[in-house]
Amino acid sequence: TSVPHDYRWSVLLIDKGRAHPVGNGSATVGSRRARTVTATVWMDHCASGQAQVVIRLASPGESIGFWIKCVPQAGKA
């Protein structure tokens with residue numbers, strides 16, 4: 001279509017079966033265009049082992065995930 005699309009997105013950290021929201025936002029993308037969104041999120045709930053990061057779109061309902069290695073922060077182990 002020739003209409004721009006508005007997307008709402010969120011980032012979840014899933015650690016030991018618990019989902020922790022760590023970021024969200026929105027973006028408008030022009031028709032037949034691409035858009036890069038850069039955001040800094042803090043993974044404070046990820047202390048050791050590994051966790052999954054899930055990026056979700058509210059509409060259309062889509063998501064993508066990946067695994068990260070959790071590294072203890074100095075003074076928090």
Side-chain angles (χ1 to χ4, degrees):
T1 106
S2 60
V3 179
H5 296 280
D6 293 320
Y7 294 96
R8 291 191 42 75
W9 55 268
S10 61
V11 180
L12 297 172
L13 174 71
I14 302 173
D15 185 32
K16 297 176 181 65
R18 294 185 59 199
H20 305 277
V22 293
N24 62 64
S26 61
T28 300
V29 181
S31 175
R32 302 179 192 267
R33 301 285 182 183
R35 172 116 188 236
T36 300
V37 175
T38 303
T40 300
V41 295
W42 300 104
M43 303 296 177
D44 291 342
H45 299 282
C46 185
S48 64
Q50 64 179 10
Q52 186 178 24
V53 177
V54 177
I55 302 165
R56 291 184 178 163
L57 291 179
S59 179
E62 297 179 11
S63 65
I64 188 170
F66 56 93
W67 290 90
I68 61 170
K69 180 179 179 182
C70 302
V71 178
Q73 296 177 1
K76 288 194 170 190

Is it the case that atom NZ in Lys69 sees more than 12 heavy atoms from other parts of the structure closer than 6.0 Å?
no
Would a hydrophobic clustering, with Ile, Leu, Val, Met, Phe, Trp and Tyr connected at side-chain separations under 4.5 Å, put Val41 with Trp67?
no
Distance-minimising heavy-atom pair for Cys46 and Asp15
CA-OD2, 4.0 Å
Quick one: do Val22 and Val53 satisfy side-chain contact (heavy atoms from CB on, under 4.5 Å)? Show the steps, please.
CA-CA 9 Å; Val22 293; Val53 177; 5.9 Å; no
Considering all heavy atoms, the nearest Trp9-Ser26 contact:
NE1-N, 3.4 Å
Are Trp42 and Val54 connected into the same hydrophobic cluster when the rule is that any two of I, L, V, M, F, W, Y join if their side-chain heavy atoms are below 4.5 Å apart?
no
What one should report as the nearest heavy-atom pair of Ser2 and Ser31 is CA-OG, 3.2 Å
If you measure from CD on Gln52 to NZ on Lys16, what distance do you get to the nearest 0.5 Å?
14.0 Å
Considering non-hydrogen atoms only, spot the tightest contact between Ala51 and Leu13 and give its length.
CB-CD1, 3.6 Å
Quick one: CZ on Arg56 to CG on Leu12, what's the gap to the nearest 0.5 Å?
4.5 Å
Rounded to the nearest 0.5 Å, how far does CD1 of Ile68 lie from CD1 of Ile14?
11.0 Å
When every non-hydrogen atom of Pro60 is compared with those of Tyr7, the smallest separation belongs to CD-CE2, 3.7 Å
Examine distances only and state if a side-chain atom of Arg35 and a backbone atom of Thr28 form a donor-acceptor pair shorter than 3.5 Å.
yes
